[in-house]
Participant: 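Shown below is the structure under consideration.
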Amino acid sequence: MFLSVFDIFKIGIGPSSSHTMGPMTAASRFLDDLRDPALCGSGTNRLASVSVSLHGSLAFTGKGHATDRAVVLGLIGLLPDTLDPDQAAKLEAEVHETKTISPSGIGLLRFDPTKDLIFDYGPPLELHANALTFNAFDNDEQLCHRETYYSVGGGFVMSEAELLAEREGAAQSLNAKKQSHDFPYPFGSAKEMLAMGQASRKTIAEMKRANERVIHGNALDEKLNTIWQAMNDCINRGLHLDGVLPGGLKVTRRAKAIHAALCDERGNNMAQPHVSNDWLSVYAMAVNEENAAGGRVVTSPTNGAAGVVPAVLRYYRDHCYGAHEEGARDMLLVAAAIGGIIKHNASISGAEVGCQGEVGSASAMAAAGLCAALGGSNEQVENAAEIALEHHLGLTCDPAGGLVQVPCIERNALGAIKAVSAASLALRGDGTHFMPLDNCVKVMLETGRDMNLKYKETSTGGIAVNIPEC
């Protein structure tokens with residue numbers, strides 16, 4: 001399955017790719033179905049109302065992750081990449097007030113979020129921990145259409161039929177058009193990637209670029225620049241905003257104050273050598289504070305892990321000797337190649353495998369990208385990704401209050417630090433190492449499957465149930 005760099009890096013809104021962007025996209029797909037006049041007849045039996053049920057992790061942490069808000073916004077026809085976050089609250093309030101939606105091409109429908117948006121706290125559906133079921137009724141309150149969608153991580157959404165087909169090995173792609181192309185380097189694993197690099201004498205960035213050009217042609221660099229600009233804008237917003245994050249935990253934004261202190265210390269000969277870690281941390285925290293506030297971010301590969309790759313990329317551009325524009329684009333290409341391998345062979349969903357699949361994957365992606373930008377060989381790049389992922393194995397997803405704040409914000413900072421350390425260690429070697437990346441990815445998936453459900457984004461164990469009383 002081909003995953004483009006723009007599948008891995010998608011512009012959207014916080015706080016969660018699985019819980020916000022995915023459900024919003026699922027709602028949009030459901031609306032597309034409802035535009036078929038054959039579904040609910042016409043005249044007195046026309047389509048009249050809709051309801052939605054959230055299952056598994058989408059129910060347990062849906063309030064904290066703004067899943068209810070995302071569904072409402074999706075049902076009025078909005079999409080994550082074009083939504084204005086500043087207008088979201090007003091639009092959601094209008095639906096709550098009128099208890100109706102009026103999506104384009106469908107007309108007025110009854111939908112009362114307080115009654116028709118149901119949180120199912122029972123066992124999750126069998127196919128995936130993140131599921132939501134949409135129902136459409138006619139004027140006689142007879143069900144005329146039902147569809148279940150699964151938010152499988154990183155903003156990706158699959159219908160039940162698509163997910164079953166993938167499980168059975170019959171799915172072609174999330175995007176059949178992309179899959180129909182002939183790609184010059186169709187690697188689906190790190191082993192294949194290294195073999196193709198050796199045979200072609202091309203770098204991972206060059207192979208990924210050749211694959212992407214099949215789809216995006218000469219517009220590729222401009223699109224890559226757009227992704228980086230969105231990442232950098234998010235960092236800058238986070239560095240200049242303060243206050244308390246929403247949700248009730250009373251978590252205070254810290255990135256602005258830390259950044260101001262770091263700027264004041266520049267040129268000070270008394271600065272500690274580990275100050276570079278503070279710069280990495282503040283870039284990552286700025287992004288994830290924006291994400292927690294529902295701002296515009298880039299999945300990298302998820303919203304919960306959205307700070308790692310941008311932080312390392314900003315670190316490369318602002319702090320590394322010899323950094324240049326092409327190196328930044330190569331970082332995105334190589335990071336996406338690694339992210340695609342992990343998603344194809346395991347998972348990037350916290351609800352499925354814990355945070356090892358989110359921040360762990362992001363750290364591996366960032367480590368590989370930085371290693372490549374600093375001149376690492378293909379073997380060193382693969383080694384950097386493996387080091388970073390290996391040392392996130394077993395990481396749980398247990399957000400306090402179901403909010404993407406504690407431990408998520410600081411966890412991105414540490415993921416960025418690990419990524420730079422992994423890249424540096426790999427560059428000190430020749431690429432030869434004991435544990436191949438593919439094996440590490442397999443271990444991550446097996447560990448996730450064995451992990452207790454309460455540690456996989458349900459907020460029913462770990463940090464989530466050990467919140468201080470004051």
Participant: Would you find a donor on one side and an acceptor on the other, under 3.5 Å apart, between the side chain of K454 and the backbone of T460?
Facilitator: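 Such a contact is absent between K454 side chain and T460 backbone.
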Participant: Using atom types as modelled and distance alone, determine if a side-chain donor or acceptor of N291 lies under 3.5 Å from a backbone N or O of P15.
Facilitator: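 Yes, because the side chain of N291 sits within donor-acceptor range (under 3.5 Å) of the backbone of P15.
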Participant: Please tell me if the side chains of L125 and H128 come closer than 4.5 Å, counting only heavy atoms from C-beta onward.
Facilitator: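 Not in contact.
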Participant: Which of parallel (below 30°), tilted (30 to 60°) and perpendicular (above 60°) describes F2 and F183?
Facilitator: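 If you compare the ring of F2 with that of F183, the planes turn out parallel.
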Participant: Taking D32 first and then R29, would you say they form a salt bridge - that is, a charged N and a carboxylate O separated by under 4.0 Å?
Facilitator: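 Between R29 and D32 there is no salt bridge, as every charged N stays at least 4.0 Å from the carboxylate O atoms.
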Participant: Hey, are D221 and R329 close enough for a salt bridge, meaning a charged N less than 4.0 Å from a carboxylate O?
Facilitator: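 Answer for the salt bridge query: yes.
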Participant: When you check the side-chain N and O atoms of E212 and S4, is any donor under 3.5 Å from an acceptor?
Facilitator: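 A pair is found: one side chain offers a donor N or O, the other an acceptor, under 3.5 Å apart.
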Participant: To the closest 0.5 Å, what do you measure between CD1 (I11) and CE (M231)?
Facilitator: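 The CE atom of M231 is 9.0 Å from CD1 of I11, to the nearest 0.5 Å.
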Participant: Compute whether any side-chain donor of one residue and acceptor of the other, for S151 and S18, lie under 3.5 angstrom apart.
Facilitator: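 Not at all, the side chains of S151 and S18 share no donor-acceptor pair under 3.5 Å.
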Participant: Any side-chain heavy-atom pair from E352 and S57 closer than 4.5 angstrom?
Facilitator: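 Side chain of E352 against side chain of S57, heavy atoms only: no contact under 4.5 Å found.
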Participant: Looking at SG of C371 and CG of N383, how far apart are the two atoms once the value is rounded to the nearest 0.5 Å?
Facilitator: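 Here the rounded value is 8.0 Å.
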Participant: What I'd like to find out is whether the side chain of D138 reaches to under 4.5 Å of the side chain of L47, using heavy atoms alone.
Facilitator: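 In short, these two side chains do not touch, never coming nearer than 4.5 Å.
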Participant: Using modelled atom types and a 3.5 Å cut-off, is there a donor and acceptor pairing between side-chain atoms of R35 and backbone atoms of S104?
Facilitator: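 Looks like yes, one N/O pair under 3.5 Å.
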Participant: Whether the side chain of E222 engages the backbone of A219 through a donor-acceptor N/O pair (distance < 3.5 Å, no angle test) should be reported.
Facilitator: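 Absent.
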Participant: Which residue pairs pass the ring pair (Phe, Tyr, Trp, His ring centres under 6.0 Å) test when at least one of the two sits in residues 65-92, sequence neighbours left out?
Facilitator: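 Checked against ring pair (Phe, Tyr, Trp, His ring centres under 6.0 Å) - neighbours excluded - the pairs reaching residues 65-92 are H19-H65.
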Participant: Does any N or O in the side chain of K418 come within less than 3.5 Å of the main-chain N or O of H391, such that one atom is a donor and the other an acceptor?
Facilitator: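 Looks like yes, one N/O pair under 3.5 Å.
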Participant: Would you say the side-chain atoms of S459 pair up with the backbone N or O of P399, donor to acceptor, closer than 3.5 Å?
Facilitator: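 Yes, S459 side chain to P399 backbone: donor-acceptor pair under 3.5 Å.
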Participant: Y185: what forms a side-chain contact (heavy atoms from CB on, under 4.5 Å) with it, not counting sequence neighbours?
Facilitator: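 Counting only residues at least two positions away or on another chain, Y185 forms a side-chain contact (heavy atoms from CB on, under 4.5 Å) with F187, M196, S200, K202, M207, A210, N211.
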Participant: Verify the ring-centre separation between F137 and H145: is it less than 6.0 angstrom?
Facilitator: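 When the ring centroids of H145 and F137 are compared, they turn out to be at least 6.0 Å apart.
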Participant: Please determine if D81 and K10 form a salt bridge, counting it only when a charged side-chain N lies under 4.0 Å from a carboxylate O.
Facilitator: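 Result for this pair is no, no salt bridge flagged.
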Participant: Can you tell which of T302, T299, L3, T25 makes a side-chain contact (heavy atoms from CB on, under 4.5 Å) with F156?
Facilitator: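 Exactly one candidate clears the test, L3.
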Participant: Can you find a side-chain donor-acceptor pair between H433 and E379 that sits under 3.5 Å?
Facilitator: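 No - no donor-acceptor pair under 3.5 Å links their side chains.
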Participant: Out of curiosity, H96 NE2 to R69 CZ, how far, rounded to the nearest 0.5 Å?
Facilitator: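 Rounded to the nearest 0.5 Å, the NE2-CZ separation comes to 10.5 Å.
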Participant: Got a donor-acceptor contact below 3.5 angstrom from the N232 side chain to the W228 backbone?
Facilitator: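 Looks like no, no N/O pair under 3.5 Å.
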Participant: Establish, from distance only, whether the side-chain atoms of E457 and T61 form a donor-acceptor pair under 3.5 Å.
Facilitator: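 No, no side-chain donor-acceptor contact under 3.5 Å.
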Participant: Measuring from atom CD1 of I409 to atom CG of N412, what distance do you get when rounded to the nearest 0.5 angstrom?
Facilitator: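 Reported value, rounded in 0.5 Å steps: 8.5 Å.
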Participant: Yes or no on side-chain hydrogen bond (donor to acceptor under 3.5 Å, both in side chains) for Q229 and D233, after CA distance, side-chain angles and deciding distance?
Facilitator: CA-CA 6 Å; Q229 189 62 54; D233 288 347; 2.8 Å; yes
Participant: Among residues two or more places apart or on two chains, list those pairs meeting ring pair (Phe, Tyr, Trp, His ring centres under 6.0 Å) that have a residue in residues 104-123.
Facilitator: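 For residues 104-123: F60-Y121.
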Participant: Do side-chain atoms of D330 reach the backbone of A373 as a donor and acceptor pair under 3.5 angstrom?
Facilitator: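 No.
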Participant: Do the side chains of V52 and I118 get nearer than 4.5 Å, heavy atoms only?
Facilitator: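 The answer is no, as the side chains (C-beta and beyond) never meet within the 4.5 Å cut-off.
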Participant: Hey, could you give me the CG/CD1 distance between L108 and I101, rounded to the nearest 0.5 Å?
Facilitator: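 One gets 8.5 Å once the value is rounded to the nearest 0.5 Å.
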Participant: Taking side-chain contact (heavy atoms from CB on, under 4.5 Å) as the criterion, tell me which of I106, D116, N135, L34 meets it with V50.
Facilitator: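 The passing option is L34.
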Participant: Using only atom types and a distance under 3.5 Å, with no angle test, would you say the side chain of E290 pairs donor to acceptor with the backbone of C234?
Facilitator: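 Side chain of E290 to backbone of C234, a donor-acceptor pair under 3.5 Å: no, none is there.
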Participant: Just verifying a value: how many Å separate I215 CD1 and R213 CZ, rounded to the nearest 0.5 Å?
Facilitator: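 Here the interatomic distance stands at 13.0 Å.
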Participant: Under 4.0 Å between a Lys/Arg side-chain N and an Asp/Glu carboxylate O for D84 and K90?
Facilitator: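 Salt bridge: no.
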